Protein chains: 2
Amino acid sequence: MATFTHQTPQTHFLSRLPLRAKPRHFSARVKMSLQESAPSLAVVGVTGAVGQEFLSVLSDRDFPYSSIKMLASKRSAGKRVAFDGHEYTVEELTADSFNGVDIALFSAGGSISKEFGPLAAEKGTIVVDNSSAFRMVDGVPLVIPEVNPEAMKGIKVGMGKGALIANPNCSTIICLMAVTPLHHHAKVKRMVVSTYQAASGAGAAAMEELVQQTREVLEGKPPTCNIFGQQYAFNLFSHNAPILDNGYNEEEMKLVKETRKIWNDTEVKVTATCIRVPVMRAHAESVNLQFENPLDEHVISISRLG
Amino acid sequence: MATFTHQTPQTHFLSRLPLRAKPRHFSARVKMSLQESAPSLAVVGVTGAVGQEFLSVLSDRDFPYSSIKMLASKRSAGKRVAFDGHEYTVEELTADSFNGVDIALFSAGGSISKEFGPLAAEKGTIVVDNSSAFRMVDGVPLVIPEVNPEAMKGIKVGMGKGALIANPNCSTIICLMAVTPLHHHAKVKRMVVSTYQAASGAGAAAMEELVQQTREVLEGKPPTCNIFGQQYAFNLFSHNAPILDNGYNEEEMKLVKETRKIWNDTEVKVTATCIRVPVMRAHAESVNLQFENPLDEHVISISRLG
């Protein structure tokens with residue numbers, strides 16, 4: 001069985017080359033998300049590509065909150081950020097940032113997560129971390145909410161008890177969102193993944209460089225190569241993660257290890273080839289699956305309806 | 001085993017966005033390719049992207065020839081084409097074009113091949129056809145010269161006996177160039193291919209449209225979609241070949257069927273996912289292989305040296 005899975009339709013995002021995704025839907029209803037009884041939030045790395053996505057998703061989903069702190073590095077402190085009809089000033093992330101914060105969404109790189117994540121959790125904050133810092137740490141749930149919510153069942157907001165929750169790598173998430181329902185029906189025994197990864201995964205600066213390089217190449221100029229150290233416009237290359245001793249790059253091994261942790265299955269055979277393609281947003285994957293049991297299409301369609 | 005194979009280094013071709021590949025090497029030696037005793041040639045579809053590549057390869061390799069006819073549709077007749085230091089006038093392709101022609105290289109689409117290929121072969125011309133018209137026809141050799149030259153062993157130039165020789169699909173060629181040596185050592189039993197296919201495979205007009213669309217998107221304009229009917233700049237999509245009843249597109253099934261014919265192995269399991277990526281030239285592939293016998297790395301390295 002061969003599957004080609006898109007995270008989101010690319011043409012939607014690319015029609016005018018926005019560096020940020022457009023909101024997924026518009027709503028005329030009154031927003032009820034700012035409520036005194038709701039949890040207090042913090043976004044760490046709010047000026048980055050993922051930080052801005054956090055805000056966009058919180059807003060799109062009317063996520064209830066009583067307050068929200070916009071946190072980033074010293075360099076970005078003082079900047080203004082718009083959210084849900086209000087303007088906020090970005091504050092510098094410090095050891096004191098998490099006092100009274102119920103939920104913190106982290107996406108400021110692994111070293112920031114390692115330094116401030118456990119510190120926030122100790123202060124009673126539930127940390128949802130987008131970096132790879134804690135993904136493979138025993139006892140830290142690695143969660144795709146639609147796939148394995150049970151992994152975080154002991155964690156409750158508003159009990160004053162902090163926790164770390166890790167968010168898998170982007171390639172793992174989109175792969176397992178598509179594959180897990182099939183796995184539950186017929187048990188995957190071997191999975192071969194080839195990715196088509198966009199600039200967005202490398203952050204806002206990489207997206208800007210792709211635009212800049214594309215302009216340069218079209219003008220016959222040598223491309224500026226600050227982020228990847230090579231031409232990305234009209235080109236593709238093996239994912240920029242470090243190459244490991246086994247010949248795979250780190251991005252590829254994340255897909256292997258994270259799948260096994262999320263499925264709680266150390267036996268499943270997974271291999272991946274991760275490639276950057278010159279697309280602004282939205283990763284895509286080609287996934288080939290071999291199953292232990294016959295894949296009964298009738299059962300699957302019933303389960304989709306149910 | 002996971003392999004990622006490039007047809008040619010892309011940055012080489014893309015540094016200044018040429019619509020034609022640069023010559024592979026330059027030579028200071030005197031060319032001996034124009035010789036009276038050498039075969040007479042014809043290039044059908046000479047104004048297209050592949051036609052131009054034919055000329056480039058003939059020139060790079062000092063292919064010996066006594067004369068060369070530049071053939072194309074009526075629309076292109078009268079155009080001037082430079083080759084090997086001379087200028088030629090493009091002639092309209094007709095039933096009489098092949099009188100006295102020893103070798104004809106065809107790349108003008110399947111319907112032109114079907115109409116004029118057998119006609120040329122009857123007149124004693126050896127036709128090397130780049131289209132899919134005859135690939136799966138019994139008795140027509142499907143040849144990658146580095147892989148299965150024995151398939152055309154009865155065919156000789158200068159005997160006045162015509163023949164049809166089919167050239168496989170581009171994805172099949174680059175895949176089997178990399179995989180066949182491994183197949184000979186350990187026998188491939190299952191092959192999973194995911195492609196990253198450039199604009200060049202769809203011809204010169206597709207490459208021009210990718211440049212045009214990219215400029216338009218960067219300027220915030222809607223992209224011109226004459227070739228693929230959708231946005232290609234900063235996007236990717238399932239290969240534009242027609243979708244078949246089994247859910248695969250035609251390009252994907254070519255890889256399956258052609259591999260079996262070239263390897264003369266009806267048992268080998270092959271599956272492919274073919275994707276167009278916004279790259280000007282040079283296809284790439286991610287290939288996962290399962291072997292019948294253990295893959296002895298020592299044997300392979302000896303064979304490489306031998």
Side-chain angles (χ1 to χ4, degrees), chain A residues 1-4 6 9-18 190-196 198-199 207 210-212 214-223 225 230-238 247-248 252 271-282 284-290, chain B residues 1-4 6 9-18 190-196 198-199 207 210-223 225 230-238 247-248 252 271-275 277-282 284-290:
Chain A
M1 208 213 70
T3 307
F4 190 70
H6 264 80
Q10 302 207 23
T11 44
H12 173 72
F13 294 110
L14 287 166
S15 55
R16 280 196 214 129
L17 246 198
R190 193 168 184 278
M191 176 161 85
V192 178
V193 184
S194 297
T195 72
Y196 301 70
M207 295 162 76
L210 177 54
V211 172
Q212 186 185 353
T214 306
R215 285 190 207 281
E216 289 163 345
V217 169
L218 286 174
E219 289 165 13
K221 294 178 189 163
C225 300
Q230 62 184 303
Q231 183 173 331
Y232 186 17
F234 300 102
N235 197 14
L236 44 82
F237 45 82
S238 180
Y248 286 87
E252 291 161 347
T271 186
T273 303
C274 291
I275 304 295
R276 283 250 187 247
V277 294
V279 160
M280 215 45 73
R281 291 185 165 273
E285 296 182 356
S286 159
V287 182
N288 179 275
L289 301 169
Q290 282 177 284
Chain B
M1 207 211 70
T3 306
F4 190 70
H6 264 80
Q10 302 206 21
T11 44
H12 173 71
F13 294 110
L14 288 167
S15 56
R16 281 196 216 130
L17 246 197
R190 193 168 184 276
M191 176 161 85
V192 179
V193 184
S194 297
T195 72
Y196 301 70
M207 295 163 77
L210 176 54
V211 171
Q212 185 186 354
Q213 280 197 0
T214 305
R215 287 189 206 281
E216 288 164 344
V217 170
L218 286 173
E219 288 165 12
K221 294 178 188 162
C225 300
Q230 61 184 305
Q231 184 173 331
Y232 187 18
F234 301 102
N235 197 14
L236 44 81
F237 46 81
S238 181
Y248 286 88
E252 291 161 347
T271 184
T273 304
C274 291
I275 304 294
V277 294
V279 161
M280 214 45 74
R281 290 185 164 275
E285 296 181 357
S286 158
V287 182
N288 180 276
L289 301 169
Q290 282 177 284

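Labels below follow one simple rule: chain letters A, B, ... track the order of the sequence lines, proteins then strands, and each chain is numbered from 1. Any value given below was found using the heavy atoms of this structure, including those in side chains, with hydrogens, waters and symmetry copies removed. Note that the structure is predicted; figures quoted are calculated from it, not measured.
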Discussion item. Looking at every heavy atom in both Ser194(B) and Ser286(A), which two are closest together, and how far apart are they?
Written reply: OG-OG, 2.7 Å
Worksheet entry | Nearest-0.5 Å distance, CZ of residue Phe234(A) to CZ of residue Phe234(B) | 6.5 Å
Practice prompt. Compare every heavy atom of Tyr196(B) with every heavy atom of Thr273(A), then report the nearest pair and how far apart it is.
Written response: O-OH, 4.3 Å
Worksheet item: Do the non-hydrogen side-chain atoms of Val217(B) and Thr214(A) ever get within less than 4.5 Å of each other?
Response: no
Worksheet item: What distance do Asn288(B) atom CG and Met191(A) atom CE have between them, rounded to the nearest 0.5 Å?
Response: 12.0 Å
Worksheet item: Taking atom CD1 of Ile275(A) and atom CD1 of Ile275(B), what is their separation to the nearest 0.5 Å?
Response: 13.5 Å
Discussion item. Nearest 0.5 angstrom please: Arg215(A) CZ to Arg215(B) CZ, how far?
Written reply: 11.5 Å
